[in-house]
Amino acid sequence: MAADPVALAAELLRCPSITPAEGGALAVLERVLKGAGFEVHHAIFAEPDTPPIDNLYARIGSSAPRLAFAGHTDVVPPGDETTWRHPPFAAAIDGGVLYGRGAVDMKGALACAVAASLDHLAARSGKPKGSIAFLITGDEEGIAVNGTVKLLQWAKERGETFDHCLLGEPSNAAELGDTIKVGRRGSLNGTLVVAGKQGHVAYPERAENPVRGLVTLMAGLMAEPLDQGSANFGPSNLEFTSIDIGNTTVNLIPGEARARFNIRFNDCHSQASLRMLIETRARAAAGNGVRWHIDWQPSNADSFVTSPGPFLNLVVGAITEVTGRTPTLSTTGGTSDARFIKNYCPVLEFGLVGQTMHQVDERTAVADLTMLTAVYRRILDRYFA
Ligand SMILES: [Zn+2]
């Protein structure tokens, strides 16, 4: 059974699967994959204080080599729908462009992966030479605790294994084929807290203004780069995102001042070494005069990079042959579910062009859907040659 990636993408886009709602999107994938002979499982995960999430696992074949496609069907909210050129869940095609929330992030790429798999199987009388799996979550755009992390664990407990994984996040910057993500930076959040002594602003000698200490520490932490980058990554970066004092009284020196920050870090650091580096620099900036500490938030986002090798060569070769472009190997951008998948098998990310992801009028060229399907098909044919 062949599948049309454009029709399938449009059908997925019409499902209002705003995270964490399933919206009918997994049901569409289940119907199509079952029709092609995949064994399909739903795995519903929940935790206290989080909504239950529906996830889908599908597999055809059981022998090696085992290739998995991963992705998510949930989408971010559309915002003010009246500002969209076409309604966000109508899947309108206008001038060769498919509009809709999730068009590039990432229902479009999921449709391409399914269509390519069905085409590949159809050319082999429906039987894979190894096995093809789909790991699809409905919890990527939200808090991401009942999604890929648990789905991978669930699959492992069932004895499922994967040799390689392709994640269809919108990896390309401007044109299909320009970028493949081979890793991701880590992300760590902290709050810098400086203690003072509240008092009248006209009698500063009787108070201790924490704003002075906060500014000193912030300046100290922003003064020097965290590193010079590494072979696969640009330099790590610390950004302060908020200064929180909350003082509405003009003649009052506040008793405490806080500043929140986020660090996107490369493979020069572990979370522990990074925390130590920041605290050492804060200590040096503070001297003896400032009472401070940092509250670190737990993070499940370490940096990682997928090593060069035959799988990367195969994927790059397929992209180059189909698109005519040699993709840049990139580790830029935010985190993705690849950070969880990498604990199970090597993972690469290649999908559509990400320019309009999370924006009003999210869209993809229909020609890109056809071309991405051809890329995935070429990867499958090579992988199972
Ligand atoms: Zn995404």
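Just so we're clear, the structure is a prediction, and the values are computed from it rather than from any experiment. Numbers for residues simply follow the sequence, beginning at 1. Just so you know, ligand 1 is whichever comes first in the structure, and atom 1 is the first atom listed for that ligand.
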Just wondering, is there an N, O or S atom on E141 that's nearer than 2.8 Å to the Zn ion (ligand 1)?
-> no
Side chains of residues 85-100: which donor-acceptor pairs under 3.5 Å do they make with residues two or more places apart or in other chains?
unit_1, atom_1, unit_2, atom_2, d
R85, NE, Y99, OH, 3.4
H86, NE2, D94, OD2, 2.9

Besides I253, the hydrophobic cluster formed by Ile, Leu, Val, Met, Phe, Trp and Tyr side chains linked at under 4.5 Å, directly or via other members, contains V201
Is E169 close enough to the Zn ion (ligand 1) to have an N, O or S atom under 2.8 Å?
-> yes
The Zn ion (ligand 1) - closest N/O/S atom in D105 = OD1
Between the side chain of S236 and the main-chain N/O of N266, is any donor-acceptor distance below 3.5 Å?
-> yes
Do the non-hydrogen side-chain atoms of L192 and L214 ever get within less than 4.5 Å of each other?
-> yes
